Trainee: 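Below is the structure I would like to discuss, written out as structure tokens.
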Amino acid sequence: MPVRPASVDELVTRAQKLSGRTLEELATAAGVPTPTSLNRSKGWVGQLLEWHLGASAGSKPEQDFPELGVELKTLPITAAGKPLESTFVCIAPLTGIAGMQWAASNVCNKLSCVLWVPVEASPTIPLAKRRIATPFLWSPSNEQAKLLRQDWEELMEMIALGEIESVTAHHGEVLQLRPKAANGSALTPAIGRNGQIIQTRPRGFYLRSHFTHSLLKAFFGI
DNA sequence: CAATGATCATCG
DNA sequence: CGATGATCATTG
């Protein structure tokens, strides 16, 4: 297993050396088998990248490289460089959110600095043959940070006001709220319409694909 | 159950 | 055919 990178530069350099490698090559180097399909292994690509870059494992609600202040995200893209999916950011808090500020939020923290690793993901390419594109480091511009903050504040206000059941993935310009659970029977406490505690499906914050697409365009040109 | 890693499957 | 809502594996 690779040692943890000592600096952001080292992390980025190591990530960019993975450009052009296939998932099969990376899996072999990591000593793990390549699944025939992602159907039952949805997080496999992300965990493979974590292994190669020396990210901390486990399920901590923190950045992947806390000492570097960097979050790692894989980004499934088409041959044309367009994201195939929205990007999960973190679980949304549904209780105990009185007075919560954007700057102290998990979303703001995770997105303050992200190492994006685009990966070929067109269904026509066999999983083993999919290649890593060029990873790049990103921090929100003032304009991007403003959009994220606006969406976060809108969504969190609805949650705080007990309107969680009225929130759909249509809310938010770049950041959306969607169910995030192993299945539909998972329940977690939330604030109800009359301020009481209700049980609802856990939600997560996701970045819309048009937002991540704009990041790709900014780094690789229109 | 809740957090991590996400993609799948269906609908409009 | 893109987006929403649902789901899969794993760990603690």
Side-chain angles (χ1 to χ4, degrees), chain A residues 1 15 23 26-27 30 32-66 70-97 105-107 109-111 114-127 130 132 135 151 155 159 164-190 197-214:
Chain A
M1 177 146 64
L23 295 182
L26 298 189
V32 300
T34 303
T36 49
S37 153
L38 288 181
N39 203 309
R40 307 295 292 268
S41 311
K42 296 184 182 181
W44 183 76
V45 179
Q47 296 184 343
L48 187 58
L49 268 296
E50 285 184 349
W51 187 90
H52 275 272
L53 298 176
S56 47
S59 58
K60 297 183 291 295
E62 300 166 357
Q63 292 161 316
D64 294 296
F65 300 92
V70 175
E71 171 75 8
L72 175 67
K73 289 285 179 207
T74 61
L75 193 56
I77 59 171
T78 66
K82 188 175 179 181
L84 273 163
E85 298 284 349
S86 53
T87 301
F88 173 71
V89 179
C90 62
I91 288 289
L94 301 182
T95 59
I97 53 184
S105 71
N106 214 335
V107 177
N109 178 246
K110 289 225 180 193
L111 296 183
V114 179
L115 176 62
W116 293 101
V117 183
V119 180
E120 288 181 334
S122 298
T124 54
I125 310 175
L127 183 60
R130 296 181 191 178
I132 308 296
D151 286 344
L155 293 167
I159 293 172
I164 181 63
E165 299 290 25
S166 306
V167 179
T168 73
H170 295 288
H171 293 83
E173 187 176 333
V174 298
L175 194 68
Q176 60 182 174
L177 202 60
R178 298 194 347 235
K180 166 66 174 175
N183 55 63
S185 58
L187 292 174
T188 191
I197 295 299
I198 62 173
Q199 294 295 120
T200 190
R201 292 164 11 266
R203 308 301 211 281
F205 285 109
Y206 294 77
L207 292 175
R208 292 187 182 279
S209 52
H210 79 68
F211 183 76
T212 50
H213 192 188
S214 72

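Keep in mind that the numbers below use all heavy atoms, side chains included, and drop hydrogens, waters and symmetry copies. Note that the structure is a prediction, hence the values are computed from the model and not measured.
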Trainee: Rounded to the Å, how far apart are A:His213 NE2 and C:dA3 C1'?
Mentor: 16 Å
Trainee: Would you say the side-chain atoms of A:Asp151 pair up with the backbone N or O of A:Leu175, donor to acceptor, closer than 3.5 Å?
Mentor: yes
Trainee: Any side-chain to backbone donor/acceptor pair from A:Gln176 onto A:Ala169? Under 3.5 Å, distance only.
Mentor: yes
Trainee: Of all residues at least two apart in sequence or in a different chain, which pass the side-chain contact (heavy atoms from CB on, under 4.5 Å) check with A:Ser41?
Mentor: A:Pro35, A:Trp44
Trainee: Round to a whole Å and report the spacing from CZ of A:Arg203 to C1' of B:dC1.
Mentor: 16 Å
Trainee: Counting N and O atoms only, with roles assigned by atom type, does the side chain of A:Lys73 sit under 3.5 Å from a partner on the main chain of A:Gly46, one being a donor and the other an acceptor?
Mentor: no
Trainee: Which part of the nucleic acid does A:Leu84 contact within heavy-atom distance under 4.0 Å: base, sugar-phosphate only, or nothing?
Mentor: nothing
Trainee: Using salt bridge (Lys or Arg N to Asp or Glu O under 4.0 Å) as the criterion, list what pairs up with A:Glu165, not counting sequence neighbours.
Mentor: A:Arg203
Trainee: Kindly indicate, with the supporting measurements, whether the criterion side-chain contact (heavy atoms from CB on, under 4.5 Å) is fulfilled by A:Phe88 and A:Leu207.
Mentor: CA-CA 6 Å; A:Phe88 173 71; A:Leu207 292 175; over 6 Å; no
Trainee: What's touching nucleotides 5-7 of chain B from the protein side, N or O pairs under 3.5 Å?
Mentor:
residue	atom	partner	partner atom	Å
B:dG5	OP1	A:Asp64	OD1	3.1
B:dG5	OP1	A:Asp64	OD2	3.4
B:dG5	OP1	A:Glu71	OE2	3.3
B:dG5	N7	A:Lys180	NZ	3.2
B:dG5	O6	A:Lys180	NZ	2.5
B:dG5	N2	A:Gly43	N	3.4
B:dA6	OP1	A:Thr74	N	3.0
B:dA6	OP1	A:Thr74	OG1	2.7
B:dA6	O5'	A:Thr74	OG1	3.4
B:dA6	N6	A:Tyr206	OH	2.8
B:dT7	O2	A:Lys42	NZ	2.9

Trainee: Could you give the angle between the helix axes at the two ends of the helix from B:dC1-C:dG12 to B:dG12-C:dC1, with five pairs per end, rounded to 10 degrees?
Mentor: 30°
Trainee: Tell me the interatomic distance from A:Lys60, atom NZ, to B:dT4, atom P, rounded to whole angstroms.
Mentor: 10 Å
Trainee: Is the phosphate of C:dA3 approached by A:Gln176 (side-chain N or O, under 4.0 Å from OP1 or OP2)?
Mentor: no
Trainee: In sequence, state the C-alpha distance, the side-chain angles, and the governing distance for A:Arg178 and A:Ser86, and then conclude on side chain to side chain donor-acceptor pair (under 3.5 Å).
Mentor: CA-CA 11 Å; A:Arg178 298 194 347 235; A:Ser86 53; 2.7 Å; yes
Trainee: Using only side-chain N and O atoms of A:Arg40, determine if any of them is under 4.0 Å from OP1 or OP2 of C:dC8.
Mentor: no
Trainee: NE2 of A:His170 versus P of B:dG12: gap in Å, rounded?
Mentor: 11 Å
Trainee: Once you round it to whole Å, what is the distance between P of C:dA3 and NE2 of A:His210?
Mentor: 8 Å
Trainee: Does anything in residues 116-127 of chain A pair up under salt bridge (charged side-chain N to carboxylate O under 4.0 Å, His left out), and if so which pairs, sequence neighbours excluded?
Mentor: A:Glu120-A:Arg131
Trainee: Using whole Å, what does the distance between atom C1' of nucleotide C:dA3 and atom NZ of A:Lys82 come to?
Mentor: 11 Å
Trainee: For A:Leu207 and C:dT4, give me the distance from atom CG to atom C1', rounded to whole Å.
Mentor: 16 Å
Trainee: To the nearest angstrom, how far is A:Phe211 atom CZ from C:dA3 atom P?
Mentor: 15 Å
Trainee: Please compare A:His171 and A:Ser185 by the position of their nearest nucleotide in DNA chain C and report the one closer to 5'.
Mentor: A:His171
Trainee: For A:Lys180, check salt bridge (Lys or Arg N to Asp or Glu O under 4.0 Å) against everything at least two apart and list the hits.
Mentor: none
